[in-house]
K.L.:
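Quick one: the structure is below, and I'll ask about it shortly.
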Amino acid sequence: MMKSYIKVILAVVIIILVFLITGFLIKQKQIKDIENNIVRTESLFEDLKLPTEIKDNDILGSLTIPKISLEKAPIKEGIELDTLSEAIGHFPSTSLLSGNVGLASHNGGDKAPYFEKLNKLKEGDEIYYESIYGTIKYIVKTSVVIEETDFSYLEETDDNRLTLITCVRNQPTKRLCVQAVQSN
């Protein structure tokens, strides 16, 4: 009788050990698969030449808006007057790619009035934003006049969008804000 108890206990211990060892081996394989996937994913980005820092005079990309005949207008970091006198300016507080990309430009004058016809854009018009990451197509959803102190349209968003801001002629405290959402 004692031998049968020992055999049963020994069998249970062996079964438990087999389950523990099998579980451990499966877990190790899952960890190895995850590590391999991370390595594979990281290697996908090795070919991208991502900037480690953005200098004031670097061209970040370009903007094309067919409806208003804007072709590959250069985009630079910052919204200072000297930047806007030669390029479209990128709001440093906004994203460069995903989320809400904020851009500003003059709508008049003789130096870089890239947004002079921005008021002609309507819902459904296309905008193309080209950067080192590729070209993204956006569709205009909103065109609204805001106060110069209203920065709510530049806040982070869950979707990918462009926010274009320029002055409103003869209304120094107003800004025209056009928002476009990434097209699928």
Side-chain angles (χ1 to χ4, degrees), residues 44-45 47-184:
L44 292 175
F45 296 102
D47 293 339
L48 285 178
K49 303 287 190 262
L50 301 178
T52 53
E53 68 178 75
I54 297 170
K55 297 181 179 64
D56 291 339
N57 57 0
D58 286 347
I59 300 290
L60 302 177
S62 66
L63 199 66
T64 297
I65 309 174
K67 168 99 180 252
I68 61 172
S69 301
L70 184 66
E71 290 290 327
K72 293 195 177 254
I75 300 169
K76 290 188 172 189
E77 186 66 22
I79 56 167
E80 296 77 23
L81 289 177
D82 59 329
T83 301
L84 296 180
S85 70
E86 58 186 42
I88 294 171
H90 171 256
F91 284 90
S93 62
T94 67
S95 172
L96 279 171
L97 183 64
S98 61
N100 191 359
V101 178
L103 303 174
S105 182
H106 291 304
N107 69 358
D110 59 348
K111 290 189 174 184
Y114 293 113
F115 288 175
E116 68 182 332
K117 297 178 186 172
L118 200 63
N119 61 340
K120 305 279 189 227
L121 293 180
K122 303 288 184 234
E123 186 173 342
D125 290 335
E126 298 173 350
I127 300 174
Y128 296 89
Y129 172 63
E130 185 176 345
S131 72
I132 62 171
Y133 307 104
T135 301
I136 301 173
K137 177 182 172 184
Y138 295 85
I139 303 296
V140 173
K141 295 293 179 192
T142 311
S143 181
V144 57
V145 174
I146 59 174
E147 294 295 322
E148 69 178 339
T149 56
D150 182 359
F151 294 99
S152 64
Y153 287 89
L154 294 171
E155 292 175 359
E156 288 184 33
T157 58
D158 292 331
D159 60 357
N160 293 332
R161 67 178 57 202
L162 281 178
T163 301
L164 311 178
I165 297 180
T166 192
C167 296
V168 175
R169 291 176 202 251
N170 303 318
Q171 296 184 45
T173 63
K174 303 291 184 185
R175 300 291 178 264
L176 174 63
C177 176
V178 173
Q179 283 196 316
V181 177
Q182 183 176 355
S183 174
N184 294 335

K.L.:
Answer yes or no: does atom CG of D158 have more than 12 heavy-atom neighbours from other residues, nucleotides or ligands under 6.0 Å?
P.N.:
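Open.
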K.L.:
Is the shortest side-chain N to carboxylate O distance from E147 to K174 below 4.0 Å?
P.N.:
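Salt bridge present between E147 and K174.
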K.L.:
Please confirm whether the backbone N or O of S105 pairs with a side-chain atom of T166, one donor and one acceptor, at under 3.5 Å?
P.N.:
yes
K.L.:
One pair to check against side chain to side chain contact (heavy atoms under 4.5 Å, CB included): L154 and I165. What are the steps and the verdict?
P.N.:
CA-CA 10 Å; L154 294 171; I165 297 180; 4.0 Å; yes
K.L.:
Less than 4.5 Å apart, side chain to side chain, heavy atoms only: is that true for T135 and T64?
P.N.:
no
K.L.:
So does N107 get a backbone contact from the side chain of R169, meaning a donor-acceptor N/O pair under 3.5 Å?
P.N.:
yes
K.L.:
What distance do D159 atom CG and Q179 atom CD have between them, rounded to the nearest 0.5 Å?
P.N.:
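Those atoms lie 8.5 Å apart.
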K.L.:
Between H90 (side chain only) and S95 (backbone N and O only), is there a donor and an acceptor less than 3.5 Å apart?
P.N.:
yes
K.L.:
Would you say the side chain of L162 lies within less than 4.5 Å of the side chain of L103, judging by non-hydrogen atoms?
P.N.:
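Answer yes - side chains close enough.
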K.L.:
What are the two closest non-hydrogen atoms of K76 and L60, and how far apart are they?
P.N.:
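Answer, listing the atom of K76 first, then L60: C-CD1, 3.9 Å.
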K.L.:
Minimum heavy-atom separation for G99 to T157, with atom names?
P.N.:
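In this case the closest contact between G99 and T157 is C-OG1, 3.6 Å.
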K.L.:
What are the two closest non-hydrogen atoms of V178 and S143, and how far apart are they?
P.N.:
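Between these two residues, the closest heavy atoms are CG2-OG, 3.8 Å.
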K.L.:
Given the rule in the side chain to side chain contact (heavy atoms under 4.5 Å, CB included) test, do I65 and D125 qualify, once you have shown the distances and angles that lead to the verdict?
P.N.:
CA-CA 8 Å; I65 309 174; D125 290 335; 5.9 Å; no
K.L.:
Do C167 and F115 make a side-chain contact, defined as non-hydrogen atoms from C-beta onward lying under 4.5 Å apart?
P.N.:
no
K.L.:
To the nearest 0.5 Å, what is the distance between OG on S69 and NZ on K117?
P.N.:
5.0 Å
K.L.:
Side chains of V101 and I136: closer than 4.5 Å at any heavy-atom pair?
P.N.:
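V101 vs I136: side chains apart.
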K.L.:
Any donor-acceptor pair under 3.5 Å linking the side-chain atoms of T173 with those of E148?
P.N.:
no
K.L.:
With respect to I139, which candidate in E126, R161, E123 satisfies the side-chain contact (heavy atoms from CB on, under 4.5 Å) definition?
P.N.:
E126
K.L.:
Please find the pair of heavy atoms, one from A104 and one from F91, that lie closest to each other, and give the distance.
P.N.:
CB-CE1, 3.7 Å
K.L.:
Closest approach of P74 and E86, non-hydrogen atoms and distance?
P.N.:
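Heavy-atom minimum between the residues: CG-O, 4.0 Å.
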K.L.:
How about L121 and I127: do any of their side-chain heavy atoms sit closer than 4.5 Å?
P.N.:
yes
K.L.:
Looking at N100 and Y153, would you say the former's side chain and the latter's main chain have a donor-acceptor pair under 3.5 Å?
P.N.:
yes
K.L.:
I need the minimum non-hydrogen distance between Y114 and A87, along with the two atoms involved.
P.N.:
CE1-CA, 3.7 Å
K.L.:
Would you mind reporting whether T163 and T94 have side-chain heavy atoms less than 4.5 Å apart?
P.N.:
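No, too far: nothing below the 4.5 Å cut-off.
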K.L.:
Evaluate L176 against Q171 for side chain to side chain contact (heavy atoms under 4.5 Å, CB included), listing each step before the verdict.
P.N.:
CA-CA 10 Å; L176 174 63; Q171 296 184 45; over 6 Å; no
K.L.:
With K72, which residues qualify under side chain to side chain donor-acceptor pair (under 3.5 Å), at least two apart?
P.N.:
E130
